[in-house]
Amino acid sequence: MLKPHDKYQIVRNFLFSSVNKEFLIFLFFLGLSGTFWLIMTMNESYEVELPVELKLTHVPQNIVITTELEDTVHVTVRDKGYALLPYLWSKQEKSISVDFKTYANIKTGKGVFPLTDLYRQLYTKIFSSTKILSAKPDRLEFYFNQGQSKRVPVRIIGQIKPANNYYVSHMRVTPQTAVVYANRELLDSIHYVQTLPIKLTNFSDSLTEEVSLYRTSGIKIVPSKIQLTLYTDIQTEESLEIPITAINMPAGKLLRTFPSKARVHFVVGAKMFRQIRADQFRVVVDYNDIAANPSEKCTLKLRSIPQAVSKVRLDINQVDYLIEQK
């Protein structure tokens with residue numbers, strides 16, 4: 001077993017052999033050149049983008065912020081590389097306080113935080129050698145009111161198209177209304193709020209989606225999202241026999257048709273068909289039409305149909321008739 005002294009001799013002989021001496025010299029000069037390159041690189045000027053957090057402070061309790069101030073501004077700065085490293089390595093964002101009382105205009109319900117004030121505050125938090133070049137966004141503003149609000153209905157905007165042979169039998173919006181906060185002039189012009197455009201296609205099962213409400217500057221909507229539930233049903237073609245009724249008959253006269261019933265064909269959801277009744281349809285013959293255009297046959301008219309059905313048609317349009325004296 002080798003003694004510690006023997007191990008040391010082996011390692012020393014290996015490192016200081018003629019071949020390894022050259023390798024160590026190469027590593028030394030490589031490290032030295034890398035150090036010079038890094039110093040020269042860090043002495044160059046660079047541009048970097050820094051996130052700056054904005055905090056709106058001293059907001060009175062009776063004030064409702066309808067459009068929030070941007071919470072983060074991305075500021076582009078220029079400096080030597082070694083001066084920028086602390087900004088890049090720091091995990092803590094720089095923050096700027098925006099005093100509501102300083103920048104809010106109570107009459108207009110709007111506050112503007114100028115970029116010049118942002119730069120002025122930021123220069124106190126960065127190195128004197130660092131120059132601020134730009135900021136995004138380049139316009140910082142917020143809107144508010146003193147609690148004025150109204151409740152308005154929610155409208156669904158977009159494309160809803162289920163799969164072939166299916167249709168939406170029922171749509172549920174939760175909640176159906178929303179509270180809008182804005183200045184009085186804006187409130188008077190708002191009669192409803194609408195969703196962001198949606199596109200729901202080619203679905204056969206009932207589904208539920210969370211949909212955001214569309215908002216503009218100066219308006220706060222509560223809640224900001226609604227829940228949309230669509231119930232589907234498969235379409236089926238059905239038919240019912242409906243009695244033919246005479247209308248506008250003169251007193252003392254009776255009209256009989258042959259046949260006395262007409263079959264009505266329609267498309268309806270399979271689940272909804274159980275709720276469809278024959279008395280929801282009305283097939284009529286108008287005596288005034290017969291008097292104006294005498295003929296061997298009278299024309300049938302479909303006067304009433306349930307809302308749940310579509311593509312309604314009669315199997316016959318004309319029938320024989322007989323007018324009797326009572």
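Computation of the quantities below employed the complete heavy-atom set of this structure, encompassing side-chain atoms and omitting hydrogens, waters and symmetry-equivalent molecules. Count residues from 1 along the sequence.
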On a heavy-atom basis, which atom in [X] and which in [Y] lie closest, and how many Å separate them?
X: Ala262; Y: Asp315; result: C-OD1, 4.3 Å
X: Ala270; Y: Asp233; result: N-OD2, 3.2 Å
X: Val222; Y: Lys220; result: CG2-CE, 4.0 Å
X: Tyr321; Y: Ser295; result: OH-O, 2.5 Å
X: Ile190; Y: Lys150; result: O-NZ, 2.8 Å
X: Asn248; Y: Tyr287; result: O-CB, 3.4 Å

Requested in this report: Please step through salt bridge (Lys or Arg N to Asp or Glu O under 4.0 Å) for the pair Arg256 and Glu324, ending with a clear verdict.
Outcome: CA-CA 8 Å; Arg256 298 183 185 276; Glu324 297 179 349; 2.9 Å; yes
Would you give the length of the straight line joining atom [atom1] of [X] to atom [atom2] of [Y], rounded to the nearest 0.5 angstrom?
X: Leu196; Y: Lys225; atom1: CG; atom2: NZ; result: 10.0 Å
X: Arg172; Y: Ile226; atom1: CZ; atom2: CD1; result: 11.5 Å
X: Leu54; Y: Gln121; atom1: CG; atom2: CD; result: 9.0 Å
X: Gln280; Y: Gln307; atom1: CD; atom2: CD; result: 10.0 Å
X: Cys298; Y: Phe258; atom1: SG; atom2: CZ; result: 10.0 Å
X: Gln318; Y: Leu300; atom1: CD; atom2: CG; result: 8.0 Å

Determine whether the side chains of [X] and [Y] contain a donor N or O and an acceptor N or O closer than 3.5 Å.
X: Thr229; Y: Thr208; result: yes
X: Glu238; Y: Thr236; result: yes
X: Asn183; Y: Tyr143; result: no
X: Asp79; Y: Thr130; result: yes

Got more than 12 heavy atoms from elsewhere within 6.0 Å of [atom1], [X]?
X: Arg120; atom1: CZ; result: yes
X: Gln159; atom1: CD; result: yes
X: Glu237; atom1: CD; result: yes
X: Tyr192; atom1: OH; result: no
X: Tyr214; atom1: OH; result: no
X: Asp279; atom1: CG; result: yes
X: Arg263; atom1: CZ; result: yes
X: Arg78; atom1: CZ; result: no

Side-chain touch [X]/[Y], heavy atoms, less than 4.5 angstrom:
X: Asp286; Y: Arg303; result: yes
X: Leu322; Y: Leu255; result: no
X: Leu230; Y: Ser206; result: no

Requested in this report: Anything under 30° is parallel, anything over 60° is perpendicular, the rest tilted; go ahead and classify Phe100 against Phe144.
Outcome: perpendicular
Query raised in the report: Under 6.0 Å between ring centres, would you say that holds for Tyr166 and Phe203?
Result: no
Query raised in the report: Between Phe142 and Phe113, does the ring centroid distance fall short of 6.0 Å?
Result: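 Ring centres of Phe113 and Phe142 not closer than 6.0 Å.
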Option passing side-chain contact (heavy atoms from CB on, under 4.5 Å) with [X] (candidates [options]):
X: Leu56; options: Asp71, Asp99, Val98; answer: Val98
X: Val264; options: Val283, Ile305, Leu240, Val309; answer: Val283
X: Leu50; options: Val73, Val77, Thr76; answer: Val77

Report task. Please lay out, stage by stage, how Ser224 and Leu213 fare under the test side chain to side chain contact (heavy atoms under 4.5 Å, CB included). Result -> CA-CA 6 Å; Ser224 60; Leu213 297 178; 5.8 Å; no
Is [Y] paired with [X] through a side-chain N to carboxylate O contact shorter than 4.0 Å?
X: Lys136; Y: Glu49; answer: yes
X: Asp289; Y: Lys301; answer: yes
X: Lys94; Y: Glu53; answer: no

Query raised in the report: Stepwise, does the side chain to side chain contact (heavy atoms under 4.5 Å, CB included) test hold for Leu122 with Val52?
Result: CA-CA 9 Å; Leu122 194 56; Val52 178; 4.1 Å; yes
Requested in this report: Please report the C-alpha distance between Val112 and Lys110 in whole Å, then the side-chain angles of each, then the deciding distance to 0.1 Å, and finally whether the side chain to side chain contact (heavy atoms under 4.5 Å, CB included) criterion is met.
Outcome: CA-CA 7 Å; Val112 177; Lys110 179 180 178 181; 3.9 Å; yes
Query raised in the report: Is the backbone N or O of Ile132 less than 3.5 Å from a side-chain atom of Tyr123, with the two atoms forming a donor-acceptor pair by type?
Result: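 Yes; judged by distance alone, with no hydrogens or angles, the pair exists.
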Report task. Look only at the side chain of Asn145 and the backbone of Ala182, and say whether a donor-acceptor pair between them is shorter than 3.5 Å. Result ->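 Confirmed, Asn145 side chain pairs with Ala182 backbone.
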Report summary line: Which of Asp320, Asn317, Thr257 passes side chain to side chain donor-acceptor pair (under 3.5 Å) with Lys297? Answer is Asp320
